[in-house]
Amino acid sequence: MERAVRQIENMQLTPEQVERLKSIYIERQQQRSMPYLNPAKPVTRTLLVNLDPGVAPPTLRLSRGQQTSLVFSDVSGQPWMIEKVSMNRQLFSDGRVIGAGQGGQGGQAETPTNVLSIEALTPAAYGNVTVTLRGQSTPVIFVLTTGQAEVDMRVDAKVPGRNPDAEAEVSMQAAPGLDNAMPYFLDGVPPASAKRLRVTGLDGAEAWVYDRNLYVKARANAQYPAYFAAARSTSGVSVYRYVGVPKAATFTIGGRAQTAFFE
(Lines give C-alpha, C1' and ligand atoms only; values in the text may rest on other atoms or scores of the structure.)
Protein backbone atom coordinates (compact mmCIF):
# COMPACT_ATOMS: atom_id res chain seq x y z
CA MET A 1 0.00 0.00 0.00
CA GLU A 2 2.83 2.39 0.89
CA ARG A 3 4.52 1.61 -2.40
CA ALA A 4 1.34 2.43 -4.31
CA VAL A 5 1.09 5.77 -2.48
CA ARG A 6 4.67 6.64 -3.38
CA GLN A 7 4.05 5.80 -7.03
CA ILE A 8 1.05 8.15 -7.09
CA GLU A 9 3.09 10.89 -5.43
CA ASN A 10 5.86 10.51 -8.03
CA MET A 11 3.37 10.91 -10.88
CA GLN A 12 3.24 14.67 -10.19
CA LEU A 13 -0.54 14.85 -10.49
CA THR A 14 -2.35 18.15 -10.76
CA PRO A 15 -4.58 19.24 -7.87
CA GLU A 16 -7.62 18.42 -10.00
CA GLN A 17 -6.35 14.89 -10.61
CA VAL A 18 -5.68 14.41 -6.91
CA GLU A 19 -9.24 15.46 -6.10
CA ARG A 20 -10.55 13.02 -8.71
CA LEU A 21 -8.56 10.18 -7.14
CA LYS A 22 -9.99 11.05 -3.74
CA SER A 23 -13.50 11.07 -5.18
CA ILE A 24 -13.02 7.66 -6.81
CA TYR A 25 -11.66 6.20 -3.55
CA ILE A 26 -14.58 7.53 -1.50
CA GLU A 27 -17.13 6.29 -4.05
CA ARG A 28 -15.61 2.80 -4.01
CA GLN A 29 -15.67 2.71 -0.21
CA GLN A 30 -19.30 3.84 -0.14
CA GLN A 31 -20.30 1.17 -2.65
CA ARG A 32 -18.59 -1.54 -0.58
CA SER A 33 -20.19 -0.40 2.69
CA MET A 34 -23.72 -0.15 1.26
CA PRO A 35 -25.20 -3.67 0.82
CA TYR A 36 -28.22 -2.39 -1.14
CA LEU A 37 -28.66 -0.55 -4.43
CA ASN A 38 -30.51 2.32 -2.71
CA PRO A 39 -30.29 3.33 0.95
CA ALA A 40 -33.52 2.77 2.92
CA LYS A 41 -35.41 5.71 4.36
CA PRO A 42 -35.07 5.76 8.18
CA VAL A 43 -38.36 6.05 10.09
CA THR A 44 -39.61 5.97 13.70
CA ARG A 45 -43.12 4.80 14.54
CA THR A 46 -45.48 3.64 17.27
CA LEU A 47 -46.84 0.10 17.11
CA LEU A 48 -49.82 -1.23 19.06
CA VAL A 49 -49.12 -4.87 19.92
CA ASN A 50 -52.11 -7.20 19.60
CA LEU A 51 -51.69 -10.47 21.53
CA ASP A 52 -55.05 -11.97 20.50
CA PRO A 53 -54.94 -15.45 18.89
CA GLY A 54 -55.13 -15.49 15.10
CA VAL A 55 -53.60 -12.01 14.66
CA ALA A 56 -50.60 -11.94 12.31
CA PRO A 57 -47.34 -10.78 13.96
CA PRO A 58 -46.21 -7.26 13.01
CA THR A 59 -43.16 -6.79 10.78
CA LEU A 60 -39.93 -4.99 11.63
CA ARG A 61 -37.97 -3.64 8.67
CA LEU A 62 -34.23 -4.05 9.25
CA SER A 63 -31.10 -3.19 7.31
CA ARG A 64 -27.62 -4.60 7.44
CA GLY A 65 -25.24 -2.16 9.09
CA GLN A 66 -27.98 -0.31 10.99
CA GLN A 67 -29.58 -1.06 14.35
CA THR A 68 -33.31 -1.10 14.95
CA SER A 69 -34.34 -0.22 18.52
CA LEU A 70 -37.55 -1.78 19.82
CA VAL A 71 -38.86 0.04 22.93
CA PHE A 72 -41.49 -1.79 25.00
CA SER A 73 -44.00 0.02 27.22
CA ASP A 74 -47.48 -0.54 28.60
CA VAL A 75 -50.62 1.47 27.87
CA SER A 76 -49.62 4.18 30.37
CA GLY A 77 -46.15 4.63 28.87
CA GLN A 78 -44.32 2.77 31.67
CA PRO A 79 -41.28 0.77 30.47
CA TRP A 80 -41.95 -2.98 30.26
CA MET A 81 -38.78 -4.95 30.99
CA ILE A 82 -37.56 -7.77 28.76
CA GLU A 83 -36.91 -11.21 30.28
CA LYS A 84 -35.91 -13.33 27.29
CA VAL A 85 -35.14 -12.93 23.59
CA SER A 86 -35.08 -15.80 21.10
CA MET A 87 -34.08 -15.55 17.42
CA ASN A 88 -31.69 -16.95 14.83
CA ARG A 89 -28.38 -15.33 15.78
CA GLN A 90 -26.75 -16.55 12.59
CA LEU A 91 -28.92 -14.01 10.75
CA PHE A 92 -29.59 -11.34 13.39
CA SER A 93 -27.73 -9.86 16.33
CA ASP A 94 -28.93 -8.16 19.51
CA GLY A 95 -25.46 -7.63 20.97
CA ARG A 96 -25.29 -10.89 22.93
CA VAL A 97 -22.49 -13.35 22.39
CA ILE A 98 -23.51 -16.48 20.46
CA GLY A 99 -23.59 -19.47 22.81
CA ALA A 100 -24.61 -17.50 25.90
CA GLY A 101 -27.77 -18.75 27.56
CA GLN A 102 -30.01 -21.53 26.22
CA GLY A 103 -27.58 -22.64 23.56
CA GLY A 104 -27.30 -19.26 21.91
CA GLN A 105 -31.02 -18.99 21.25
CA GLY A 106 -31.78 -16.52 24.01
CA GLY A 107 -31.25 -16.02 27.71
CA GLN A 108 -31.72 -13.72 30.65
CA ALA A 109 -30.90 -10.10 30.01
CA GLU A 110 -27.68 -9.00 31.77
CA THR A 111 -29.32 -5.84 33.09
CA PRO A 112 -33.04 -4.96 33.17
CA THR A 113 -34.01 -3.09 30.02
CA ASN A 114 -37.08 -2.42 27.93
CA VAL A 115 -35.07 -1.75 24.75
CA LEU A 116 -34.12 -4.46 22.25
CA SER A 117 -31.64 -3.47 19.52
CA ILE A 118 -31.55 -5.77 16.49
CA GLU A 119 -29.24 -5.72 13.48
CA ALA A 120 -29.37 -7.92 10.37
CA LEU A 121 -26.10 -9.77 9.73
CA THR A 122 -26.79 -10.41 6.03
CA PRO A 123 -28.38 -8.12 3.41
CA ALA A 124 -31.26 -10.55 2.73
CA ALA A 125 -31.92 -11.91 6.24
CA TYR A 126 -35.46 -13.02 7.00
CA GLY A 127 -36.89 -14.57 10.16
CA ASN A 128 -38.60 -13.69 13.41
CA VAL A 129 -37.86 -12.76 17.00
CA THR A 130 -39.75 -13.86 20.12
CA VAL A 131 -39.67 -11.54 23.13
CA THR A 132 -40.87 -12.55 26.60
CA LEU A 133 -41.70 -9.61 28.84
CA ARG A 134 -41.56 -9.68 32.62
CA GLY A 135 -44.81 -11.01 34.08
CA GLN A 136 -46.33 -11.62 30.63
CA SER A 137 -47.22 -15.24 29.81
CA THR A 138 -47.85 -14.56 26.12
CA PRO A 139 -44.67 -13.85 24.12
CA VAL A 140 -44.51 -10.96 21.67
CA ILE A 141 -43.47 -12.10 18.18
CA PHE A 142 -42.20 -9.95 15.31
CA VAL A 143 -41.39 -10.91 11.73
CA LEU A 144 -37.94 -9.62 10.71
CA THR A 145 -37.28 -8.63 7.12
CA THR A 146 -34.62 -6.66 5.23
CA GLY A 147 -34.10 -4.85 1.95
CA GLN A 148 -37.21 -2.67 2.19
CA ALA A 149 -37.69 0.91 1.00
CA GLU A 150 -37.90 2.02 4.65
CA VAL A 151 -35.95 0.90 7.71
CA ASP A 152 -37.27 1.11 11.28
CA MET A 153 -34.80 3.11 13.36
CA ARG A 154 -36.98 3.06 16.47
CA VAL A 155 -40.29 1.34 17.11
CA ASP A 156 -42.26 2.15 20.28
CA ALA A 157 -44.10 -1.13 20.93
CA LYS A 158 -47.08 -0.53 23.21
CA VAL A 159 -48.29 -3.71 24.91
CA PRO A 160 -51.88 -3.89 26.23
CA GLY A 161 -52.32 -3.90 30.00
CA ARG A 162 -49.99 -2.76 32.77
CA ASN A 163 -46.63 -4.29 33.49
CA PRO A 164 -45.84 -5.57 37.01
CA ASP A 165 -43.14 -2.94 37.57
CA ALA A 166 -45.36 0.03 36.66
CA GLU A 167 -45.56 2.84 39.17
CA ALA A 168 -48.96 3.18 40.82
CA GLU A 169 -51.05 6.03 39.46
CA VAL A 170 -54.01 7.63 41.19
CA SER A 171 -56.71 8.51 38.67
CA MET A 172 -60.41 9.26 38.66
CA GLN A 173 -60.73 7.83 35.15
CA ALA A 174 -61.76 4.37 34.10
CA ALA A 175 -59.06 2.13 32.67
CA PRO A 176 -58.23 3.63 29.24
CA GLY A 177 -58.23 1.63 26.05
CA LEU A 178 -56.43 1.97 22.74
CA ASP A 179 -57.63 2.48 19.21
CA ASN A 180 -55.90 2.04 15.87
CA ALA A 181 -55.61 5.78 15.23
CA MET A 182 -53.50 6.45 18.34
CA PRO A 183 -50.09 5.61 16.79
CA TYR A 184 -50.62 8.15 14.01
CA PHE A 185 -51.28 10.98 16.45
CA LEU A 186 -48.40 9.91 18.72
CA ASP A 187 -46.03 9.91 15.73
CA GLY A 188 -47.19 13.36 14.65
CA VAL A 189 -48.69 12.12 11.36
CA PRO A 190 -52.47 12.21 11.90
CA PRO A 191 -54.78 10.69 9.27
CA ALA A 192 -55.38 12.85 6.22
CA SER A 193 -59.05 13.34 7.14
CA ALA A 194 -58.20 14.66 10.63
CA LYS A 195 -58.99 18.36 11.06
CA ARG A 196 -56.55 20.34 13.20
CA LEU A 197 -57.99 22.63 15.86
CA ARG A 198 -56.52 25.72 17.48
CA VAL A 199 -55.52 25.12 21.13
CA THR A 200 -55.17 27.83 23.78
CA GLY A 201 -54.44 27.60 27.49
CA LEU A 202 -52.04 24.63 27.34
CA ASP A 203 -48.60 25.21 25.85
CA GLY A 204 -47.40 22.61 23.35
CA ALA A 205 -50.76 20.85 23.08
CA GLU A 206 -52.22 19.81 19.72
CA ALA A 207 -55.77 18.77 18.89
CA TRP A 208 -57.65 17.26 15.96
CA VAL A 209 -61.20 16.21 15.13
CA TYR A 210 -61.21 12.75 13.61
CA ASP A 211 -64.12 10.37 13.07
CA ARG A 212 -66.36 12.72 15.09
CA ASN A 213 -64.07 12.46 18.13
CA LEU A 214 -61.51 14.79 19.65
CA TYR A 215 -57.85 13.72 19.86
CA VAL A 216 -55.53 15.77 22.08
CA LYS A 217 -51.75 15.37 22.17
CA ALA A 218 -50.04 16.91 25.19
CA ARG A 219 -47.27 16.41 27.74
CA ALA A 220 -49.83 16.44 30.55
CA ASN A 221 -52.29 14.25 32.47
CA ALA A 222 -55.95 14.53 31.46
CA GLN A 223 -58.44 15.10 34.28
CA TYR A 224 -61.83 16.26 32.98
CA PRO A 225 -63.94 15.35 31.09
CA ALA A 226 -63.35 11.59 31.09
CA TYR A 227 -61.48 10.35 28.03
CA PHE A 228 -62.45 7.19 26.16
CA ALA A 229 -58.96 6.03 25.15
CA ALA A 230 -55.37 7.05 25.80
CA ALA A 231 -51.81 6.19 24.83
CA ARG A 232 -48.52 7.51 26.14
CA SER A 233 -45.04 7.34 24.64
CA THR A 234 -41.95 6.60 26.71
CA SER A 235 -40.95 10.26 26.22
CA GLY A 236 -43.95 11.37 28.31
CA VAL A 237 -46.18 12.63 25.50
CA SER A 238 -49.80 11.42 25.69
CA VAL A 239 -52.70 11.27 23.26
CA TYR A 240 -56.26 11.28 24.61
CA ARG A 241 -59.43 10.50 22.71
CA TYR A 242 -62.68 12.14 23.80
CA VAL A 243 -66.10 11.04 22.63
CA GLY A 244 -67.57 13.92 20.67
CA VAL A 245 -65.83 17.29 20.48
CA PRO A 246 -65.77 19.09 23.83
CA LYS A 247 -64.85 22.78 23.75
CA ALA A 248 -62.43 22.50 26.68
CA ALA A 249 -60.57 19.93 28.80
CA THR A 250 -58.64 20.15 32.07
CA PHE A 251 -55.12 18.74 32.45
CA THR A 252 -52.51 18.70 35.21
CA ILE A 253 -48.82 19.45 34.80
CA GLY A 254 -46.66 19.06 37.88
CA GLY A 255 -49.76 18.99 40.06
CA ARG A 256 -51.10 22.28 38.65
CA ALA A 257 -54.40 22.26 36.75
CA GLN A 258 -54.63 23.94 33.35
CA THR A 259 -57.61 24.17 31.00
CA ALA A 260 -57.17 23.82 27.26
CA PHE A 261 -59.71 25.38 24.89
CA PHE A 262 -60.33 24.03 21.37
CA GLU A 263 -61.68 25.98 18.42
Side-chain angles (χ1 to χ4, degrees), residues 25-52 54-74 79-134 136 138-160 163 180 183-184 186-189 233-235:
Y25 175 78
I26 293 175
E27 289 177 0
R28 295 287 174 85
Q29 292 299 314
Q30 289 177 337
Q31 291 173 355
R32 291 175 181 175
S33 63
M34 173 56 64
Y36 307 102
L37 295 177
N38 298 304
K41 176 185 176 181
V43 298
T44 62
R45 60 190 176 107
T46 301
L47 179 64
L48 301 183
V49 177
N50 191 334
L51 300 178
D52 294 339
V55 177
T59 299
L60 298 181
R61 301 162 296 183
L62 310 183
S63 177
R64 183 182 178 184
Q66 298 186 23
Q67 285 191 339
T68 294
S69 295
L70 192 58
V71 185
F72 290 95
S73 64
D74 65 7
W80 203 318
M81 298 303 172
I82 299 170
E83 275 199 344
K84 186 172 63 174
V85 177
S86 179
M87 63 183 177
N88 186 340
R89 285 182 168 77
Q90 300 298 325
L91 298 177
F92 304 96
S93 172
D94 62 350
R96 293 185 177 88
V97 179
I98 295 179
Q102 297 187 2
Q105 295 304 310
Q108 299 297 326
E110 296 180 358
T111 56
T113 180
N114 68 315
V115 180
L116 173 63
S117 296
I118 307 177
E119 179 181 351
L121 299 180
T122 65
Y126 183 85
N128 70 287
V129 59
T130 300
V131 181
T132 302
L133 301 176
R134 183 179 297 171
Q136 180 66 263
T138 303
V140 184
I141 302 174
F142 298 91
V143 174
L144 305 178
T145 186
T146 56
Q148 306 297 310
E150 295 181 334
V151 56
D152 290 317
M153 291 283 95
R154 191 191 80 236
V155 176
D156 292 337
K158 304 194 74 61
V159 182
N163 75 76
N180 293 331
Y184 299 104
L186 272 176
D187 294 343
V189 286
S233 70
T234 52
S235 63

- line: d(Ser69 OG, Glu119 CD) to nearest 0.5 Å is 11.0 Å
message: Restricting to non-hydrogen atoms, name the atom on Gln66 and the atom on Val151 that form the minimum distance, rounded to 0.1 Å.
response: OE1-CG1, 3.8 Å
message: Just to verify, which of Ile118, Val129, Thr130 counts as forming a side chain to side chain contact (heavy atoms under 4.5 Å, CB included) with Val85?
response: Val129
message: Taking side-chain hydrogen bond (donor to acceptor under 3.5 Å, both in side chains) as the definition, give me every residue that meets it alongside Ser233, ordered by chain and number, with sequence neighbours left out.
response: Ser235
task: List for me each residue that meets side chain to side chain contact (heavy atoms under 4.5 Å, CB included) alongside Thr145, sequence neighbours excluded, and say none if there are none.
output: Thr59, Arg61, Tyr126, Gln148
statement: OG1 (Thr113) and CH2 (Trp80) are apart, to the nearest 0.5 Å, by 15.5 Å
query: Considering residues at least two apart in sequence or located in another chain, which fulfil the side chain to side chain contact (heavy atoms under 4.5 Å, CB included) criterion with Thr46?
result: Asp156, Lys158, Pro183, Leu186, Asp187
message: Using 0.5 Å steps for rounding, measure from the CZ atom of Arg64 to the OG atom of Ser93.
response: 12.5 Å
query: How far apart are the closest heavy atoms of Pro42 and Met153, and which atoms are they?
result: CB-CG, 3.4 Å
statement: Applying side chain to side chain contact (heavy atoms under 4.5 Å, CB included) to Tyr184 and not counting sequence neighbours gives Pro191
task: Measure the shortest side-chain to side-chain distance between Arg89 and Asp94 over non-hydrogen atoms and say whether it is less than 4.5 angstrom.
output: yes
query: If you round to the nearest 0.5 Å, how far is CG of Leu51 from CD1 of Ile141?
result: 9.5 Å
- request: Could you note down all residue pairs passing salt bridge (Lys or Arg N to Asp or Glu O under 4.0 Å) where residues 40-50 supplies at least one of them, sequence neighbours left out?
  value: Arg45-Asp152
message: Test your reading of the model: is there a side-chain donor-acceptor pair from Thr68 to the backbone of Leu62, 3.5 Å cut-off?
response: no
- request: Report the residue from Asn128, Leu144, Val143 that forms a side chain to side chain contact (heavy atoms under 4.5 Å, CB included) with Leu60.
  value: Leu144
- prompt: Taking all atoms of both residues into account, what is the closest heavy-atom pair of Phe142 and Val49, and its distance?
  reply: CZ-CG2, 4.5 Å
query: Among Leu70, Val115, Leu116, Thr132, which residue meets the side chain to side chain contact (heavy atoms under 4.5 Å, CB included) test with Ile82?
result: Leu116
